[in-house]
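What's counted below: heavy atoms across the whole structure, side chains too, no hydrogens, waters or symmetry copies.
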Amino acid sequence: IDLIELRKLILGINVEFQSNDSWRFVDKAYQFINPNSPLDEEFPETYPIPNLATDMVIDFVAVKVGDVNNSVEVNFSGNQTANRSNGALNLYVNEITFDKGDVVSVPVVAANAQDLLGYQFTIDFNADAIEFQGFESQAISLNESNFGKQNATHGQITTSWSETNSMSLDKDDVLFNLIFTATENGRLSNMIDITSDITIAEAYNENSELMNISLDVRSDINGYRLYQNTPNPFNATTNVSFDIPSSQNIKISVYDVTGKLIKNINRYFEAGYNTVTFTKNELSTTGILYYSLEADGFTATRKMVVLK
């Protein structure tokens, strides 16, 4: 029951615990009958003081409900973010052209191999052009409890999945299919994305490391693909990943909004999936930047944001 209630919070279905409180408070001096099973008994969470005659101090122990990994940020006004590994769960969907009235099945595919324990994220889509109908399980087992659909009419659904033991995903494994109905003619490009708008986008690998998630809409051009940098926006480092069909020299450039060259990488990369890392210090600027990949006649450009 606790797991179900926590997932409903993560997916935005509920905004508070239905059968519990976010915090529980216990008198530090209270002696539990069975300390190994403290929730099996009714423990005092208030301290009556009939007549306050002198100064006194009462210590309470605060327990954050749902804090299974002891990571709660007590100072809620603090600007702290969770430490993330350099790894990323990169997903992609293939470009689809559709007509009004079509049923549009969108396979969500792993772009890189992973030993995955879980993930969660918000899926944003253009509700003016496609209506969400449901999902189909593929490489991972999903049911209705893994999705939050309360904001689907506004173009947002949430999802959360986890397993006790890590699951080995191969490159190009289909995780699940999203099913839409087209209300207008169109193309999938720029109609779907992964965000943290409701449920924070993050994944967890077999080492319980926190990873970023990205989604790319692929128009397969002879095996060349440039992915969205992760994390984005960023304030320390970010990773730019790409696919190339053969080992060759690749040029990766970073520009500011005026077209001024900020950083240039020109070197040999092996065929397949590659990643380069940029730091905020080496870019020496903040705000909106553009990065491009050039190789054997192929060119692609994406936008990144460097935080102040």
Closest approach of Glu184 to Asp128 (non-hydrogen atoms, all atoms of both residues)
CG-O, 3.5 Å

Any idea which heavy atoms bring Leu188 and Phe98 closest together, and the distance?
N-CE2, 3.8 Å

ring-ring contact (aromatic ring centres under 6.0 Å, His included) filter on Phe43, not counting sequence neighbours, yields Phe32

Tell me whether Asp99 contacts the main-chain N or O of Asp102 through its side chain, where contact means a donor paired with an acceptor under 3.5 Å.
no

Tyr291: ring-ring contact (aromatic ring centres under 6.0 Å, His included) partners, not counting sequence neighbours
none

May I ask you to decide if Gln120's main-chain N or O and Thr199's side chain share a donor-acceptor pair within less than 3.5 Å?
no

Listed by chain and number, what are the side-chain contact (heavy atoms from CB on, under 4.5 Å) partners of Ile250, not counting sequence neighbours?
Phe242, Ile244, Gln248, Ile252, Phe269, Leu293, Ala295

Minimum heavy-atom separation for Asn177 and Pro107, please, with both atom names.
OD1-CA, 3.1 Å

Which is it for Thr275 and Ser241 under the side chain to side chain donor-acceptor pair (under 3.5 Å) test, yes or no, and what are the steps along the way?
CA-CA 4 Å; Thr275 300; Ser241 300; 2.8 Å; yes

Does any pair with a residue in residues 25-40 pass side chain to side chain donor-acceptor pair (under 3.5 Å), and if so which ones, sequence neighbours excluded?
Tyr30-Glu41

Is it true that the side chains of Thr277 and Asn239 contain a donor and an acceptor less than 3.5 Å apart?
yes

For the residue pair Leu226 and Ala300, what are the closest heavy atoms and their distance?
CD2-O, 3.4 Å

Going from CG on Leu215 to CD on Gln228, what distance comes out if it is rounded to the nearest 0.5 angstrom?
10.0 Å

Partners of Lys263 by salt bridge (charged side-chain N to carboxylate O under 4.0 Å, His left out), sequence neighbours excluded?
Glu282

I'd like to know if the side chain of Asn205 and the backbone of Asn207 have a donor-acceptor N/O pair within less than 3.5 Å.
yes

Quick one: side-chain contact (heavy atoms from CB on, under 4.5 Å) partners of Leu117, sequence neighbours excluded?
Ser166, Tyr204, Ser208

Taking CD1 in Ile58 as the centre, count heavy atoms belonging to other residues, nucleotides or ligands within less than 6.0 Å. Is the count above 12?
yes

Closest non-hydrogen contact found for Val306 with Thr285 is CG1-O, 3.5 Å

For Ala271, give me all partners under side-chain contact (heavy atoms from CB on, under 4.5 Å), at least two apart in sequence or on another chain.
Ser247

Apart from Tyr227 itself, what residues make up its hydrophobic cluster, given side-chain heavy atom links below 4.5 Å?
Tyr273

Walk me through it: do Gln133 and Thr181 pass the test side chain to side chain donor-acceptor pair (under 3.5 Å)?
CA-CA 7 Å; Gln133 301 298 327; Thr181 299; 3.2 Å; yes

Between Asn232 (side chain) and Val305 (backbone), is there a donor-acceptor pair under 3.5 Å?
yes

Exam field: side chain Thr122 to backbone Ile198, donor-acceptor pair closer than 3.5 Å:
yes

Going by distance alone, is a donor N or O of one side chain under 3.5 Å from an acceptor N or O of the other, for Thr195 and Asp193?
no

State, yes or no, whether a side-chain contact exists between Leu89 and Leu116 at a heavy-atom distance under 4.5 Å.
yes

Looking at Glu206 and Ser168, would you say the former's side chain and the latter's main chain have a donor-acceptor pair under 3.5 Å?
no

Check against side chain to side chain contact (heavy atoms under 4.5 Å, CB included), Lys251 and Ile265
CA-CA 6 Å; Lys251 182 179 179 182; Ile265 296 175; over 6 Å; no

For Lys303, the salt bridge (charged side-chain N to carboxylate O under 4.0 Å, His left out) test, sequence neighbours excluded, returns none

Rounded to the nearest 0.5 Å, what separates atom CD in Glu42 from atom CD1 in Ile33?
10.5 Å

Cluster companions of Leu307 among Ile, Leu, Val, Met, Phe, Trp, Tyr (side-chain spacing under 4.5 Å):
none

Taking all non-hydrogen atoms of both residues into account, name the closest pair between Ala201 and Ile213 and its distance.
C-CD1, 4.3 Å

With sequence neighbours excluded, what pairs up with Leu142 under the side-chain contact (heavy atoms from CB on, under 4.5 Å) test?
Tyr119, Phe135, Ser137, Ile140, Asn146, Phe147, Trp161, Phe176

Through direct or indirect side-chain contacts below 4.5 angstrom among Ile, Leu, Val, Met, Phe, Trp and Tyr, which residues connect to Tyr92?
Val109, Val174

Does any donor atom in the side chain of Glu202 or Asn212 lie under 3.5 Å from an acceptor atom in the other side chain?
no

Do we see a donor-acceptor contact under 3.5 Å between the side chains of Thr279 and Asn281?
no

